[in-house]
Enquirer: 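Got a structure for you, written out below as structure tokens; questions coming shortly.
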Amino acid sequence: EYSFLFDGVDDYLQGTNTYSELDGLNKATWSIWLYPTGTGIDIVFHNPRNTTLQNSQFLLWIWTGRIDFSLSTTSQFIRGDASLLTYDAWNHIMVCVDFTLANPDKGIMFVNGVDATTSVNLSSVPQTFETATRQLWIGEDANGYQSPFGGNLDEFGIWAGSDQRANVSTIYNAGVPTNLNDLSTPPTTWLRMGENGTWNGREWSLSDAGTSGYSLLSINMVEASRVN
């Protein structure tokens, strides 16, 4: 029913503690629904590994005709074709990493249920996820890249230790978000945005519908940032 609207200026969500669910693991999956309104550089989500600009345990961003999912540094990536995204409409992005596979199968990106991968370069990344050092950020980069997301974000799921590429059709569900906890492997973290958000008169608090119990707070957002 609900999503969060990000103004593309200074709105974002920030975890209340370091997001360490992936530390030392060799597989993971990320799934998010987005309604992008801008055509510049947009940070979708970021989990930093240190304070160096653009360094990350994982980072998803959209820019100049491509979708980049970076691990460690921006030179290590899974890259997708942004022409498959429709602006001013709902889209689904899903990224899977399995370091036990050979290149280029270590990583794959889906847009709206379709394999959108254009290139993969994960050869020199440590073959487990590096240690996270700060909170999970949604809609902005934690290290000050200053490219906030403009548009709506919803139903953000992370499967720690699980490659869900075989279930992409079920998760995408022909364009209708589904109950991720009904999967045989439920998500570790499932942030339903408005559905599990509480407004306290100053900020939104988001609780986790997955198994990790991770929570986030809104920064610079207002009560009307939750929209139908």
Side-chain angles (χ1 to χ4, degrees), residues 12 14-15 18-32 34 36 40-85 91-111 114-149 153 156-166 168 187-189 214:
Y12 60 94
Q14 179 179 297
T18 300
Y19 188 78
S20 57
E21 298 295 328
L22 272 61
D23 291 3
L25 300 180
N26 58 17
K27 298 178 185 179
T29 297
W30 298 259
S31 168
I32 194 165
L34 66 165
I41 299 175
D42 287 276
I43 304 293
V44 183
F45 54 77
H46 180 222
N47 202 42
R49 68 181 181 92
N50 56 33
T51 58
T52 302
L53 186 65
Q54 298 182 40
N55 278 8
S56 55
Q57 186 188 62
F58 56 84
L59 166 65
L60 180 67
W61 52 322
I62 304 169
W63 70 297
T64 319
R66 71 194 201 199
I67 309 166
D68 270 17
F69 185 84
S70 302
L71 296 168
S72 186
T73 69
T74 53
S75 63
Q76 304 297 312
F77 57 78
I78 304 164
R79 189 161 289 161
D81 183 0
S83 70
L84 297 177
L85 289 174
N91 301 263
H92 180 252
I93 295 178
M94 179 168 149
V95 180
C96 304
V97 171
D98 185 346
F99 286 122
T100 69
L101 301 177
N103 281 319
D105 294 332
K106 289 181 188 293
I108 191 168
M109 180 183 295
F110 299 93
V111 175
V114 175
D115 183 354
T117 314
T118 57
S119 56
V120 176
N121 180 23
L122 297 178
S123 57
S124 62
V125 170
Q127 297 306 288
T128 57
F129 294 106
E130 297 186 66
T131 301
T133 55
R134 295 173 65 190
Q135 307 101 313
L136 172 64
W137 287 42
I138 300 177
E140 179 57 292
D141 184 293
N143 292 338
Y145 192 67
Q146 298 299 321
S147 296
F149 182 82
L153 296 173
F156 180 31
I158 300 176
W159 287 257
S162 176
D163 181 344
Q164 291 288 309
R165 71 183 74 188
V168 62
T188 308
T189 299
Y214 193 75

Enquirer: What heavy-atom pair brings Gly80 and Thr118 nearest, and what distance separates the two atoms?
Expert: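 Smallest heavy-atom distance, with atoms named: N-OG1, 3.9 Å.
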Enquirer: Identify the heavy atoms of Asn47 and Ala132 that sit nearest to each other, and give their distance.
Expert: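 Smallest interatomic distance, heavy atoms only, reads ND2-CB, 3.4 Å.
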Enquirer: Give a yes or no answer on whether the side chain of Thr29 reaches the backbone of Ser162 with a donor-acceptor pair at less than 3.5 Å.
Expert: yes
Enquirer: Ignoring hydrogens and geometry, is there a side-chain-to-backbone donor-acceptor pair from Asn91 to Leu85 under 3.5 Å?
Expert: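 Checking the backbone N and O of Leu85 against the side chain of Asn91, no donor-acceptor pair under 3.5 Å is found.
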Enquirer: Return the minimal non-hydrogen interatomic distance between Val120 and Gly107, and the atom names on each side.
Expert: CG2-O, 3.5 Å
Enquirer: Determine whether the side chains of Tyr19 and Thr189 contain a donor N or O and an acceptor N or O closer than 3.5 Å.
Expert: yes
Enquirer: For Glu130 and Ser72, does a side-chain donor sit closer than 3.5 Å to a side-chain acceptor?
Expert: yes
Enquirer: Taking the side chain as every heavy atom from C-beta outward, state whether Val95 and Ile78 have any atom pair closer than 4.5 Å.
Expert: yes
Enquirer: What's the separation between atom CE in Met109 and atom CZ in Arg66, rounded to the nearest 0.5 Å?
Expert: 10.5 Å
Enquirer: Is it the case that the side chains of Asn121 and Arg79 hold a donor-acceptor pair, with the cut-off being a distance below 3.5 Å and no angle test?
Expert: no
Enquirer: Walk me through it: do Trp30 and Leu60 pass the test side-chain contact (heavy atoms from CB on, under 4.5 Å)?
Expert: CA-CA 10 Å; Trp30 298 259; Leu60 180 67; over 6 Å; no
Enquirer: Taking the six-membered ring for Trp, is the centroid-to-centroid distance between Phe77 and Phe69 below 6.0 Å?
Expert: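 Between Phe69 and Phe77, which both carry aromatic rings, the centre distance is not below 6.0 Å.
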Enquirer: Looking at side-chain heavy atoms only, is the closest gap between Phe129 and Leu71 below 4.5 Å?
Expert: yes
Enquirer: Say whether, by atom type as modelled, one donor and one acceptor occur between the side chain of Arg134 and the main chain of Ala142 under 3.5 angstrom.
Expert: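 The answer is yes, because a donor-acceptor pair under 3.5 Å joins these two groups.
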Enquirer: Calculate, to the nearest 0.5 Å, the distance between atoms CE and CD belonging to Met94 and Gln164 respectively.
Expert: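 Taking CE in Met94 and CD in Gln164, the distance rounds to 6.0 Å.
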Enquirer: Answer whether the closest heavy-atom distance between the side chains of Leu153 and Val44 falls below 4.5 Å.
Expert: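 A side-chain contact under 4.5 Å exists here.
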Enquirer: Could you report the tightest heavy-atom contact between Tyr214 and Leu136, atom names first, then the distance?
Expert: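 Nearest heavy atoms, Tyr214 then Leu136: OH-N, 3.1 Å.
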Enquirer: May I ask you to check whether Trp137 and Phe45 place their ring centers less than 6.0 Å from one another?
Expert: no
Enquirer: After noting the C-alpha distance and the side-chain angles of Asp105 and Asp98, does the key distance pass the side-chain contact (heavy atoms from CB on, under 4.5 Å) rule?
Expert: CA-CA 8 Å; Asp105 294 332; Asp98 185 346; over 6 Å; no
Enquirer: How many angstroms lie between CG in Leu34 and CD1 in Ile67, if you round to the nearest 0.5 Å?
Expert: 8.0 Å
Enquirer: Give, for atom CH2 of Trp63 and atom CD1 of Ile41, the distance between the pair rounded to the nearest 0.5 Å.
Expert: 6.0 Å
Enquirer: Measuring from Lys27:NZ to Trp159:CH2, what's the distance to the nearest 0.5 Å?
Expert: 15.5 Å
Enquirer: Do you know the tightest heavy-atom contact between Asn143 and Thr52?
Expert: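 Nearest pair, atom of Asn143 first, then Thr52: ND2-O, 2.9 Å.
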Enquirer: Looking at every non-hydrogen atom in both residues, tell me the closest pair between Cys96 and Arg165 and how far apart they are.
Expert: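 Heavy-atom minimum between the residues: SG-N, 3.5 Å.
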Enquirer: Are any of the side-chain heavy atoms of Gln57 and Asp23 separated by less than 4.5 Å?
Expert: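 Yes, at least one pair of side-chain atoms sits under 4.5 Å.
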Enquirer: If only side-chain N and O atoms count, and only distance matters, is there a donor-acceptor pair under 3.5 Å linking Asp81 with Ser83?
Expert: yes
Enquirer: Are the side chains of Asp68 and Ile62 in touch, meaning some heavy atoms are under 4.5 Å apart?
Expert: no
Enquirer: Pair Asp141, Leu59 - check side-chain contact (heavy atoms from CB on, under 4.5 Å), show working.
Expert: CA-CA 8 Å; Asp141 184 293; Leu59 166 65; 4.1 Å; yes
Enquirer: Mind checking whether Glu140 and Pro148 have side chains closer than 4.5 Å, heavy atoms only?
Expert: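 Glu140 vs Pro148: side chains touch.
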Enquirer: Between Tyr12 and Phe149, is the gap from one ring center to the other below 6.0 Å?
Expert: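 No, they do not, as the ring centres are separated by 6.0 Å or more.
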Enquirer: Keeping the roles fixed (side chain from His46, backbone from Asn55), state whether a donor-acceptor pair exists under 3.5 Å.
Expert: yes
Enquirer: Where do Trp61 and Ser70 land on the side-chain contact (heavy atoms from CB on, under 4.5 Å) test, with the steps shown first?
Expert: CA-CA 8 Å; Trp61 52 322; Ser70 302; 3.4 Å; yes
Enquirer: Rounded to the nearest 0.5 Å, what separates atom CZ in Phe99 from atom CG in Leu101?
Expert: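 Separation between the atoms: 10.5 Å.
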